[in-house]
Amino acid sequence: MTFKLYPSLTDVPAIQLYNILKLRQDVFIIEQDCIYNDIDGKDDFSKHLLMMDDRRRLVAYLRMVPAGEKFEEWSLGRIVVDPVYRGNQHGKELIKKAVGLLQEKGVSKIRIEAQAHLEDYYKALGFKPVSAIYSVDNIPHLQMLLKIV
């Protein structure tokens, strides 16, 4: 697997942007049966991290939203793994890569807004719950924080 980081939306090639939006639609809207505003205006100023297989197929994706744009801290969001590749730790690998990239920038805290059923998944990566569970688009969520040492 290889990683590709695009520092801004304008750097993402059209075919990759299509693949990103299709994967997000397939998982967050169709699979999870949740009609919501995926294209929320935050992609414009976020960094985009892609994991690709040896055929350059999109395996997993996330966006890194700068501090002050969604939360006080940098945040990771739209974390998604293609269903074909699930169960192979690719999501964890992608998140660890993003954390490492932000750590290199001197970031000391990363916040996520996680689906509540994934709390233990993110705890295993060092994130700690910092909010009660609340609803986002009729899906239970909670905020979690990772303090980078």
Side-chain angles (χ1 to χ4, degrees), residues 1-32 34 36-130 136-137 139 141-149:
M1 298 292 162
T2 60
F3 294 98
K4 180 68 180 169
L5 176 67
Y6 294 101
S8 72
L9 189 62
T10 57
D11 296 315
V12 181
I15 189 65
Q16 291 296 11
L17 180 58
Y18 173 87
N19 292 334
I20 291 165
L21 294 175
K22 176 147 182 25
L23 179 59
R24 285 172 25 177
Q25 169 192 272
D26 289 350
V27 172
F28 297 133
I29 297 172
I30 297 171
E31 179 183 321
Q32 295 182 0
C34 180
Y36 82 109
N37 188 18
D38 179 52
I39 300 174
D40 60 359
K42 291 180 178 47
D43 289 315
D44 295 347
F45 46 75
S46 296
K47 297 182 182 305
H48 302 270
L49 182 60
L50 289 67
M51 177 187 277
M52 319 279 273
D53 69 12
D54 57 358
R55 296 174 299 153
R56 300 193 43 77
R57 178 179 164 162
L58 182 61
V59 171
Y61 163 85
L62 63 73
R63 69 181 182 188
M64 297 181 277
V65 182
E69 296 293 346
K70 180 173 173 90
F71 298 114
E72 180 181 318
E73 306 85 3
W74 274 84
S75 65
L76 305 180
R78 300 297 196 263
I79 303 167
V80 62
V81 177
D82 186 311
V84 171
Y85 290 94
R86 288 186 192 151
N88 295 306
Q89 305 299 311
H90 297 314
K92 288 182 179 180
E93 194 177 340
L94 181 73
I95 293 165
K96 288 177 183 177
K97 178 70 171 180
V99 168
L101 290 168
L102 290 174
Q103 186 175 20
E104 288 173 10
K105 292 176 58 72
V107 172
S108 61
K109 294 179 188 172
I110 301 170
R111 184 176 296 260
I112 60 172
E113 185 173 62
Q115 291 185 8
H117 75 276
L118 294 171
E119 181 178 351
D120 289 340
Y121 178 87
Y122 290 112
K123 278 182 178 177
L125 289 163
F127 288 87
K128 305 225 181 302
V130 292
V136 176
D137 301 313
I139 298 174
H141 282 72
L142 76 158
Q143 291 183 25
M144 301 182 78
L145 193 66
L146 174 67
K147 294 181 181 176
I148 302 171
V149 189

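Scanning for side-chain contact (heavy atoms from CB on, under 4.5 Å) contacts around Ser8 gives Thr10, Asp11, with sequence neighbours left out.
Ile148 contributes atom CD1, which lies 5.0 Å from atom CD of Gln103 (distance to the nearest 0.5 angstrom). Distance CD1/Ile95 to CD1/Ile79: 4.5 Å, rounded to 0.5 Å. In this structure, the separation between CZ on Phe127 and CZ on Arg111 is 11.0 Å, given to the nearest 0.5 Å. With rounding to the nearest 0.5 angstrom, the CG atom of Leu101 is 5.5 Å from the CD atom of Glu104. The NZ atom of Lys47 sits 5.0 Å away from atom CH2 of Trp74, with the distance rounded to the nearest 0.5 Å. With values rounded to the nearest 0.5 angstrom, Met64 atom CE is found 12.5 Å from Tyr6 atom OH.
Between Tyr85 and His90, the ring planes are perpendicular. Angles over 60° get that label, and only those under 30° would be called parallel.
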Can Leu125 and Leu146 be said to form a side-chain contact (heavy atoms from CB on, under 4.5 Å), step by step?
CA-CA 8 Å; Leu125 289 163; Leu146 174 67; over 6 Å; no
I'd like to know whether Ile30 forms a side-chain contact (heavy atoms from CB on, under 4.5 Å) with Gln25, so could you lay out the CA-CA distance, the side-chain angles of the two residues, the decisive distance to 0.1 Å, and finally the verdict.
CA-CA 6 Å; Ile30 297 171; Gln25 169 192 272; 4.0 Å; yes
Give the C-alpha distance, both sets of side-chain angles, the deciding distance and a yes or no for side-chain contact (heavy atoms from CB on, under 4.5 Å) between Val59 and Arg57.
CA-CA 6 Å; Val59 171; Arg57 178 179 164 162; 5.5 Å; no
Derivation and outcome, side-chain contact (heavy atoms from CB on, under 4.5 Å), residues Asp26 and Val80
CA-CA 10 Å; Asp26 289 350; Val80 62; over 6 Å; no
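The two residues Val27 and Val81 have their closest heavy-atom pair at CG2-O, 4.2 Å. When all heavy atoms of Tyr121 and Lys92 are compared, the pair lying nearest together is OH-N, 3.0 Å. Closest approach of Ser46 and Pro66 over heavy atoms only: CA-CD, 4.1 Å. The heavy-atom pair separating Glu73 from Lys109 by the smallest distance is CB-O, 3.6 Å. Considering every non-hydrogen atom in both Asp53 and Met1, the closest pair reads CA-SD, 3.7 Å. Of all the heavy atoms in Cys34 and Asp137, the pair that sits closest is SG-O, 3.5 Å.
Between Met52 and Gln16 the shortest side-chain heavy-atom distance falls below 4.5 Å. The closest side-chain heavy-atom distance from Ile20 to Leu58 is below 4.5 Å. The closest side-chain heavy-atom distance from Ile112 to Phe71 is not below 4.5 Å. Side-chain contact between Ser75 and Glu69 is absent, with no heavy-atom pair separated by less than 4.5 Å. Annotation: side chain of Leu102 is in contact with side chain of Lys105 (closest heavy-atom distance under 4.5 Å). Within the 4.5 Å cutoff, side-chain heavy atoms of Phe45 are placed close to those of Val65.
A salt bridge does not link Lys42 to Glu113: none of the charged nitrogens lies less than 4.0 Å from a carboxylate oxygen. Between Arg78 and Asp43 there is no salt bridge, since none of the side-chain N atoms of the basic residue sits less than 4.0 Å from a carboxylate O of the acidic one.
No donor-acceptor pair closer than 3.5 Å links the side chain of Asp40 to the backbone N or O of Asn37.
Within a 6.0 Å radius of CZ in Arg56, no more than 12 heavy atoms belonging to other residues, nucleotides or ligands are found. In this structure, Tyr36 places its OH atom where more than 12 heavy-atom neighbours from other residues, nucleotides or ligands lie under 6.0 Å away.
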